[in-house]
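To keep things clear, I will list the structure first and then write my remarks on it.
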Amino acid sequence: MELTICHLYPDLLDLYGDRGNILALAARCRWRGIEPVIQQASLGEDLDFMGMDILFIGGGSDREQGLLVQDLMRREKELRSAIENGLVVLAICGGYQMLGQYYLMASGEKIQGLGIIDIWTTAGEKRLIGNVVVELDECVQSVDSKFKTLVGFENHSGKTYLGEGIMPLGKVVFGNGNNGDDREEGVRYRNVFGTYLHGPLLPKNPHFADRLLELAILRRGSDTRLRKLDDSLEELAHETMVKRLLK
Ligand code: GLN
């Protein structure tokens, strides 16, 4: 079996080791005999959203978001259809903001978003920086995993708010999350996951990486179950951070 994983704008959106998320997904596929096919696409390059299995959009500064918005908007229709069809998407920070209605920068300039999810972002006065622990919402948890938390690192000035009925990934138990006010972190819409967590996120949260892989396999109509891996190192990294932050 092959799984196609696409990194969108790897040259513009790749903060704090975001590319490590692609490496983690690919490694977890390979360790199970699934062949990962890695695609990349940047400004002006074409993509088949419907044909891919996982789309990854990383974080970037306001400047990069401004540089790519036009190119992203021309992809809106196709990406929306693929998402409605169950495409698995992981979007981090700047990439996460771009899935929403808009990002209002501190300068007063508004960057338009794809509007695929009813969320919006306004730049706050202080940057929200540091380590984060999130208690995952039940429906985001992997059935087989003992882990119910996500650990990561955030650095954003944008404060993101979720519209009526839009679900977060979970509750912040350490750090700021979406906006530092409502203790919520990230968003889930269909098979789309948006989050402020860098780090990169997936090596320290192997249960979340597997959740994305499970959903991608399910979308293909396959009943292949993911073989359990020896995650002792990854689990130690995760547990160490949880203990250090919540002590
Ligand atoms: N420009 C955004 C902000 O500062 C995103 C930053 C990021 O991707 N780390 O809010």
Side-chain angles (χ1 to χ4, degrees), residues 8-9 12-18 21 43 55-77 79-80 83 89-137 140 150-201 245:
L8 188 57
Y9 308 121
L12 295 168
L13 299 181
D14 186 25
L15 277 182
Y16 316 118
D18 278 343
N21 293 309
L43 302 178
L55 174 68
F56 176 73
I57 318 177
S61 70
D62 295 3
R63 180 181 166 273
E64 275 91 29
Q65 285 171 254
L67 287 176
L68 61 80
V69 62
Q70 261 193 330
D71 187 84
L72 187 65
M73 291 314 293
R74 79 180 169 90
R75 305 176 190 272
E76 185 265 332
K77 230 171 126 193
L79 178 55
R80 187 186 289 272
I83 285 174
V89 180
L90 175 62
I92 313 266
C93 206
Y96 164 35
Q97 296 170 351
M98 300 302 286
L99 293 173
Q101 310 289 2
Y102 61 82
Y103 172 39
L104 182 60
M105 296 193 287
S107 61
E109 199 188 322
K110 203 182 223 180
I111 300 183
Q112 192 188 353
L114 288 160
I116 293 176
I117 310 181
D118 185 22
I119 58 174
W120 58 92
T121 305
T122 306
E125 271 162 24
K126 73 171 172 74
R127 291 199 75 78
L128 306 175
I129 307 180
N131 289 305
V132 184
V133 182
V134 178
E135 212 169 69
L136 275 177
D137 220 75
V140 194
L150 283 183
V151 294
F153 168 79
E154 64 182 340
N155 185 354
H156 53 111
S157 63
K159 297 173 88 173
T160 298
Y161 297 92
L162 275 47
E164 191 72 29
I166 302 290
M167 275 179 27
L169 284 184
K171 278 258 156 294
V172 175
V173 285
F174 189 94
N176 296 286
N178 279 343
N179 48 52
D181 302 327
D182 60 19
R183 312 306 296 160
E184 290 186 342
E185 200 324 281
V187 75
R188 184 193 180 173
Y189 171 75
R190 296 197 180 266
N191 288 338
V192 180
F193 301 87
T195 177
Y196 272 112
L197 304 189
H198 294 270
L201 174 70
L245 299 171

Please assess Tyr103 against Gln65 for the test side-chain contact (heavy atoms from CB on, under 4.5 Å), listing each intermediate value before the final yes or no. CA-CA 9 Å; Tyr103 172 39; Gln65 285 171 254; 3.6 Å; yes

Go through Ile83 and Arg80 one step at a time and tell me if the side-chain contact (heavy atoms from CB on, under 4.5 Å) criterion holds. CA-CA 5 Å; Ile83 285 174; Arg80 187 186 289 272; 5.8 Å; no

Please determine whether side-chain contact (heavy atoms from CB on, under 4.5 Å) holds for the pair His156 and Ile129, giving the CA-CA distance in whole Å, both sets of side-chain angles, and the decisive distance to 0.1 Å. CA-CA 7 Å; His156 53 111; Ile129 307 180; over 6 Å; no

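Not counting sequence neighbours, the partners of Tyr96 by the ring pair (Phe, Tyr, Trp, His ring centres under 6.0 Å) test are Tyr196. Considering only residues two or more places apart in sequence or on other chains, Asn176 meets the side chain to side chain donor-acceptor pair (under 3.5 Å) condition with Glu154. In terms of the ring pair (Phe, Tyr, Trp, His ring centres under 6.0 Å) criterion, residue partners of Phe56 (sequence neighbours excluded) are, by chain and number, His7. Every residue two or more places apart in sequence or in another chain was checked for a salt bridge (charged side-chain N to carboxylate O under 4.0 Å, His left out) with Arg127, and none qualifies. Partners of Lys77 by side-chain contact (heavy atoms from CB on, under 4.5 Å), not counting sequence neighbours: none found. When the salt bridge (charged side-chain N to carboxylate O under 4.0 Å, His left out) test is applied to Glu109, no partner is found at least two apart in sequence or on another chain. Residues meeting the side-chain contact (heavy atoms from CB on, under 4.5 Å) test with Leu67, sequence neighbours left out: Leu12, Arg63. Here Asn179 pairs with Asp182 under the side chain to side chain donor-acceptor pair (under 3.5 Å) rule; sequence neighbours left out. For Glu64, the side chain to side chain donor-acceptor pair (under 3.5 Å) partners two or more places apart in sequence, or in a different chain, are Ser61. Arg74 pairs by the salt bridge (charged side-chain N to carboxylate O under 4.0 Å, His left out) definition with Asp46, Asp71, not counting sequence neighbours. In terms of the ring pair (Phe, Tyr, Trp, His ring centres under 6.0 Å) criterion, residue partners of Tyr16 (sequence neighbours excluded) are, by chain and number, Phe153, His198.
Sorted by first and then second residue, the salt bridge (Lys or Arg N to Asp or Glu O under 4.0 Å) pairs with a member in residues 172-181 read Lys159-Asp181; sequence neighbours excluded.
Counting heavy atoms from C-beta on, the side chains of Ile92 and Asn21 come closer than 4.5 Å. Looking at Arg188 and Asp137, their side chains never come closer than 4.5 Å, going by heavy atoms from C-beta outward. The shortest side-chain heavy-atom distance between Val192 and Ile116 does not fall under the 4.5 Å cut-off. With contacts defined as side-chain heavy-atom distances shorter than 4.5 Å, the pair Leu72/Leu114 qualifies. At least one side-chain heavy atom of Tyr9 sits less than 4.5 Å from a side-chain heavy atom of Leu43. Within the 4.5 Å cutoff, side-chain heavy atoms of Ile119 are placed close to those of Ile166. Side-chain contact between Ile111 and Met105 is present, with at least one heavy-atom pair separated by less than 4.5 Å.
Between Ala106 and Ala123, the shortest heavy-atom contact is N-CB, 3.4 Å. Of all non-hydrogen atoms in Gly59 and Cys93, the two that sit nearest each other are CA-CB, 4.2 Å. Of all heavy-atom pairs spanning Pro200 and Gly17, the tightest one is CB-O, 3.0 Å. In this structure, Met98 and Leu68 approach most closely via the heavy-atom pair CE-CD1, 4.1 Å. For the pair Leu162 and Gly186, the tightest heavy-atom approach, listed with the atom from each and the gap, is CD2-O, 3.8 Å. Closest heavy-atom contact between Tyr189 and Ile117: CB-CD1, 3.8 Å.
Taking CD1 of Ile57 as the start and CG of Asp18 as the end, the distance is 11.0 Å to the nearest 0.5 Å. Once rounded to the nearest 0.5 Å, the distance linking OH of Tyr161 with CH2 of Trp120 reads 9.5 Å.
With Leu169 as reference, Leu150 is the one residue of Leu197, Leu150, Asn178 to meet the side chain to side chain contact (heavy atoms under 4.5 Å, CB included) rule.
Judged purely by distance below 3.5 Å, without hydrogens or angles, the side chains of Thr195 and Glu185 pair a donor atom with an acceptor atom.
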